[in-house]
Asker: 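What follows is a structure written as structure tokens; I'll ask about it next.
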Amino acid sequence: MVDTATPLDDADLRRWRACTRRFWLQRHTPARPNPVAEPPEAHVVQGPAPDAALRASFPAGKWLPAPSTPADWAHAQEQTHIALAAATPDAEGWALFGACLASDDGARARIDLITRGPHGWRLFKLRYATVGAEADVDTVALWAHVAARCGLRVQTVGLLLVDTGFIYPGHGCYAGLLREVDLGPSLGSRPTGDWLAAMQACLRGGLPPMPTGAPCTQPSPCEQLARCSPPTGQTRPVDPCASLDILGRELAAQLRADGHADVHSVPLDALPDGRLRRAAQAVQQGAPVLAPQAAALLQALPYPRHFLRFETIGFAVPVWAGTRPYQVLPFQWSCDTVAGPGAPPRPQGFLAGPSGDPRRAFAQSLLQALGNDDGPVLAYNAGFERNRVRELAGEWEDLSPGLLALAERIVDLFQIARGHYYHPAMAGSWSFKSVFAALAPELGAHRFDCNGLATPLDAFARSLQPGLSGDERQQLRTALQAHGQRQTGALRSMVTLFEQPPEREPLP
């Protein structure tokens with residue numbers, strides 16, 4: 001049954017603007033929100049204390065808890081009006097976070113931030129990001145509409161975004177981290193009142209048709225996919241592993257124009273280079289293809305060999321003094337050293353603790369482990385590790401010579417794999433996760449899960465939370481260290497595989 005009692009909000013507006021069918025289904029048969037669909041700032045990469053910047057900018061700010069029931073909403077609206085009535089233009093540092101308002105035309109808003117200006121109210125949407133999106137403008141337009149219908153004189157509407165030029169001085173001094181972006185000039189193109197009327201008319205009608213190019217999976221899967229049947233006669237989607245798109249968008253478009261539905265029907269000699277022919281051959285034969293030249297490249301590498309992986313994080317709200325928002329900061333390295341053919345690996349590693357900028361300790365431990373020989377350092381997409389090492393060299397003059405020498409020893413297994421190998425399960429992706437999920441799925445190097453945290457970044461950020469119990473922090477650290485060992489094990493498995501002669505020769 002359609003939900004007509006609950007006022008429309010910005011989540012409804014986002015769905016309606018993206019796909020009227022999605023909006024209709026969600027209001028008639030609500031589905032649980034897809035966790036993947038959360039905005040990027042929902043992740044812990046905000047930092048252990050994301051509210052610190054707000055408290056620094058608005059020390060007299062007041063927070064209203066998020067309402068979940070009609071009674072909660074009624075109470076939150078009452079508290080909002082009481083707080084706004086008590087505010088004065090000269091109340092320095094005052095703001096209301098999570099203000100709740102409802103308009104007489106069936107809409108409601110929970111506004112991130114309201115503060116008082118000299119000529120009226122200032123409304124802002126907070127984004128722990130460097131730029132806003134069109135959906136943010138829509139949301140702010142709805143908030144301004146609801147506020148105006150409630151009798152508030154709105155002076156400013158806009159976004160609070162992260163200023164990447166900010167350098168954290170430490171001691172909780174976050175004033176200046178957030179910058180204001182005025183969206184007032186953009187709101188004239190948003191006929192919010194007309195949109196609300198159209199949304200209500202949509203709910204009173206039948207199920208809307210599926211629009212051409214409906215965003216069913218972008219930027220994340222729609223929560224109504226299971227209930228949204230495709231139109232009659234629509235063909236089943238192509239297996240992504242055999243999609244023509246694995247050969248590149250432009251070539252895929254050309255092949256579709258030539259009548260090909262997927263890679264299985266494409267003649268290998270119609271493809272322009274060996275990499276694409278290798279991918280098509282792997283799909284057509286249902287087995288990976290390895291060019292013999294890979295073995296020669298790897299067999300030429302001397303011992304000892306070091307298999308290296310880095311983990312990095314970039315906080316929107318910096319944690320360590322002297323760092324910037326979203327600065328790429330290494331916090332963990334994992335390495336397996338193999339002394340000779342058939343020798344067991346010797347694992348080594350570093351994982352930052354819960355306090356203090358870890359970069360110098362990271363660099364020192366890396367040099368101590370790898371700086372005393374000239375053996376090759378094998379990494380996947382080595383430009384990433386190489387750039388981090390060079391950045392560390394730029395920070396500390398005394399460590400610079402050793403770090404720069406280490407950077408020159410890094411060998412890129414990504415380039416070797418891309419030039420000589422393809423597995424059908426990669427589905428055209430050369431990311432570490434895709435390659436190692438296909439090449440060595442039993443190792444689990446492509447997965448991370450600890451207490452519901454899906455990435456090492458989430459786990460490390462969680463480990464920095466103040467007040468965390470020692471047991472939970474140790475559990476997170478153990479999971480991070482085990483994940484690093486799985487990843488270096490996957491690198492060793494790749495090299496072992498590539499050094500073996502292929503069972504069947506790839507086609508030229």
Asker: Is it the case that atom CZ in Arg386 sees more than 12 heavy atoms from other parts of the structure closer than 6.0 Å?
Answerer: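 Atom CZ in Arg386 is packed in, count exceeds 12.
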Asker: May I ask you to check whether over 12 heavy atoms, not counting those of Glu250, lie within 6.0 Å of atom CD?
Answerer: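 Counting neighbours around CD of Glu250, 12 or fewer heavy atoms of other residues, nucleotides or ligands fall under 6.0 Å, so no.
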Asker: Quick one: side chains of residues 368-380, donor-acceptor pairs under 3.5 Å with protein atoms, not counting sequence neighbours, listed by atom name and distance.
Answerer:
residue : atom : partner : partner atom : Å
Asn372  : ND2  : Gln368  : O            : 3.4
Asp373  : OD1  : His306  : NE2          : 3.0
Asp373  : OD1  : Gly375  : N            : 2.8
Asp373  : OD1  : Arg409  : NH2          : 3.1
Asp373  : OD2  : His306  : NE2          : 3.2
Tyr380  : OH   : Trp430  : O            : 2.8

Asker: Is the NZ or CZ atom of Arg388 positioned over Trp333's six-membered ring, under 6.0 angstrom from the centre and within 45° of the axis?
Answerer: no
Asker: Output, in order, the C-alpha distance, side-chain angles, deciding distance and verdict of salt bridge (Lys or Arg N to Asp or Glu O under 4.0 Å) for Asp336 and Arg346.
Answerer: CA-CA 5 Å; Asp336 281 351; Arg346 178 168 61 90; over 6 Å; no
Asker: Indicate the atoms forming the closest heavy-atom contact of Gln281 with Leu268, along with that distance.
Answerer: N-CD2, 3.7 Å
Asker: Salt bridge between Glu408 and Arg390, side-chain N to carboxylate O under 4.0 Å?
Answerer: yes
Asker: What distance separates Arg17 CZ from Asp10 CG, expressed to the nearest 0.5 Å?
Answerer: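 Between atom CZ of Arg17 and atom CG of Asp10 there are 13.5 Å.
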Asker: Within the structure provided, determine whether Phe307 and Thr337 are in side-chain contact (heavy-atom separation under 4.5 Å).
Answerer: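 No; the side chains remain at least 4.5 Å from each other.
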Asker: Considering only heavy atoms from C-beta outward, does the side chain of Leu367 approach that of Ser365 to under 4.5 Å?
Answerer: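 When only atoms from C-beta onward are counted, Ser365 and Leu367 do not touch, as no gap falls below 4.5 Å.
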Asker: Could you tell me how the ring of Phe460 sits relative to the ring of Phe331: parallel (under 30°), tilted (30 to 60°) or perpendicular (over 60°)?
Answerer: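 Rings of Phe460 and Phe331: parallel, as their planes differ by under 30°.
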Asker: Over 60° means perpendicular and under 30° means parallel, so classify the ring planes of His483 and Phe448, tilted if in between.
Answerer: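 Because their plane-to-plane angle is over 60°, the rings of Phe448 and His483 count as perpendicular.
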Asker: Between Ser493 (side chain) and Gly489 (backbone), is there a donor-acceptor pair under 3.5 Å?
Answerer: yes
Asker: Does Phe362 have Arg359 sitting over its ring (NZ/CZ under 6.0 Å from centre, angle to axis within 45°)?
Answerer: no
Asker: Give, for atom CG of Leu160 and atom CG of Asp112, the distance between the pair rounded to the nearest 0.5 Å.
Answerer: 8.5 Å
Asker: Is the closest side-chain heavy-atom distance between Asp245 and Arg256 below 4.5 Å?
Answerer: yes
Asker: Please tabulate, for the side chains in residues 309-323, all donor-acceptor contacts under 3.5 angstrom to protein atoms that are two or more places apart in sequence or on a different chain.
Answerer:
residue : atom : partner : partner atom : Å
Arg309  : NE   : Gln487  : OE1          : 3.1
Trp320  : NE1  : Gly356  : O            : 3.2
Thr323  : OG1  : Trp320  : O            : 2.5

Asker: Within the side chain of Arg418, is there an N or O that forms a donor-acceptor pair under 3.5 Å with the backbone of Arg275?
Answerer: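 Not a single qualifying donor-acceptor pair exists.
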